[in-house]
Protein chains: 2
Amino acid sequence: MTERTVRRQARGLKRMAEILDAAEAVIAELGYPDMTTNQVAARAGVSPGTLYQFFRNKEEILDGLVARYTVDRAEYWSARLAAVTPGIPLEALVGQLVDESVRFKSESPAYWSLLYGTATGDRFAAASQRLHDDVALRIADMLRRRSPGLPEERARLMGTMALAMVKAVMPMVTSSPPQRSAELVAELKHLLVRYLG
Amino acid sequence: MTERTVRRQARGLKRMAEILDAAEAVIAELGYPDMTTNQVAARAGVSPGTLYQFFRNKEEILDGLVARYTVDRAEYWSARLAAVTPGIPLEALVGQLVDESVRFKSESPAYWSLLYGTATGDRFAAASQRLHDDVALRIADMLRRRSPGLPEERARLMGTMALAMVKAVMPMVTSSPPQRSAELVAELKHLLVRYLG
DNA sequence: GACAAATGCGAGCTTTAACTTGTATTTCTG
DNA sequence: CAGAAATACAAGTTAAAGCTCGCATTTGTC
């Protein structure tokens, strides 16, 4: 009833990370809706009971993953942002960021799988919405660094749109043969340059 | 074993349409994964057994919906395509088509819910892939009508990209307050004009 | 070293949703 | 009209998946 907070030991925190790793792998393969908690437990090398020691239900696993991603991505984009020299040509900037997105997608397919969720339950939608807003804001920051005159409102809108473009093309990129894939990436860069320029 | 084909009577065809209507409504509310066949049957005013008289399993309902949509959309776009005068300014063309997409989306949310499926099982992905390709081809046709010099390959790529852009912005449009929604639509048109021009 | 709390197990409970089955009724065809 | 095929019903079966429970083991603290 009174919802005590549990004092986690080092072992417990490690287990939680292992369970999240397992969930990430399963989501990458099957997507969140088809992920089963027993699968995750088995993959993490623990029993179902142990899983529920750390996560009260399936949705809390999702929350944990999203939280971890958010932190990781914040660090990643901060580093990227700092490395951007203000005078870099737009072509080069877009080229780099798109390439990195493609690379990241192939490394962390679960992240994208979450980013697409729209019609899969409220909690799920809310989680991916948070991720989306976070990334869009970081893109807006970057744009304003490059063009200090850009109004904040406009930068946000452009960030949102740019992210939407990348999101839209990404699944086609990863599910196509290499040549078509390269075509799509090139076209996406071209599109973004025209839009942002 | 030998998979007989059933001779449908008029009543049966009508029932099938009613069941698909019900499925469409449920998908619009909950999405395909959370749709239950019992729900669909209840909404259609038939028993579960009757539903399974016409659809062997849940996926076949999806197939039926997609088939119906494909036919409907083919007719719709054919009519649109014929109405396009070759000399129309790009702004007007894009403006019209985006507006119509927005209107259609608010009328048939299930269609879009299907169009987004990526990580929800093979059959589902294949179905939305078919829808996607079909629409992209029709956009490519339209572009080549306007610009006869455009190579077919290039037109297809542009059609695919343009559809992806619309797809990407649409969920934000319908889940935002009217003012923001209008902003997003305007920005989408601007983006498409810059890209296609 | 002792006690409490955290961790761990895995069999099994419970619910839910896809689907079946047996039977009754309506419609088409000769 | 008669038989066959299609349509209709709803109670019931089944399997899967989320989650619980009782108990054993490990870890941290005094």
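Residue numbers start from 1 in every chain, and the chains themselves are labelled A, B, ... in the order their sequence lines are given, proteins ahead of strands.
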How would you summarise protein contacts on nucleotides 10-21 of chain D per nucleotide, using B for base, S for sugar-phosphate only and - for none, with heavy-atom distances below 4.0 Å? B------SSBB-
Looking at B:Ser106 and B:Arg103, would you say the former's side chain and the latter's main chain have a donor-acceptor pair under 3.5 Å? yes
For A:Lys189, is there an ion pair with A:Asp99 - N to carboxylate O distance below 4.0 angstrom? yes
Tell me the interatomic distance from B:Gln53, atom CD, to C:dT23, atom C1', rounded to whole angstroms. 13 Å
Those residues at least two apart in sequence (or on a different chain) that pass side chain to side chain donor-acceptor pair (under 3.5 Å) with A:Arg73 are none
Please walk me through it: do B:Tyr32 and B:Glu59 pass side-chain contact (heavy atoms from CB on, under 4.5 Å)? CA-CA 10 Å; B:Tyr32 177 74; B:Glu59 284 185 339; 3.7 Å; yes
Check this for me: does any side-chain nitrogen of one of A:Asp133 and A:Arg138 sit under 4.0 Å from a carboxylate oxygen of the other? no
Validation row, ring centre A:Tyr195 to ring centre B:Tyr195 under 6.0 Å: no
Could you check which residues of residues 13-22 of chain B get a heavy atom under 4.0 Å from DNA chain C? Sort them by number, please. none
Please tabulate, one pair per line, each protein N/O and nucleotide N/O from nucleotides 24-30 of chain D that are separated by under 3.5 Å, including the distance.
from   : atom 1 : to     : atom 2 : distance (Å)
D:dT27 : O3'    : A:Gln9 : NE2    : 3.2

How close do B:Ile27 and B:Ser113 get, counting heavy atoms only, and between which atoms? CG2-OG, 3.7 Å
Does B:Tyr69 have any side chain to side chain donor-acceptor pair (under 3.5 Å) partners at least two apart in sequence or in another chain, and if so, which? B:Glu24
List, one per line, each side-chain donor-acceptor pair under 3.5 Å for residues 147-163 of chain B, sequence neighbours excluded.
from     : atom 1 : to       : atom 2 : distance (Å)
B:Glu152 : OE2    : B:Arg156 : NH2    : 2.9
B:Arg154 : NH1    : A:Glu187 : OE1    : 3.2
B:Arg154 : NH2    : A:Glu187 : OE2    : 3.1
B:Thr160 : OG1    : B:Arg156 : O      : 2.9

Between B:Asp21 and B:Arg68, is the closest basic N to carboxylate O distance under 4.0 Å? yes
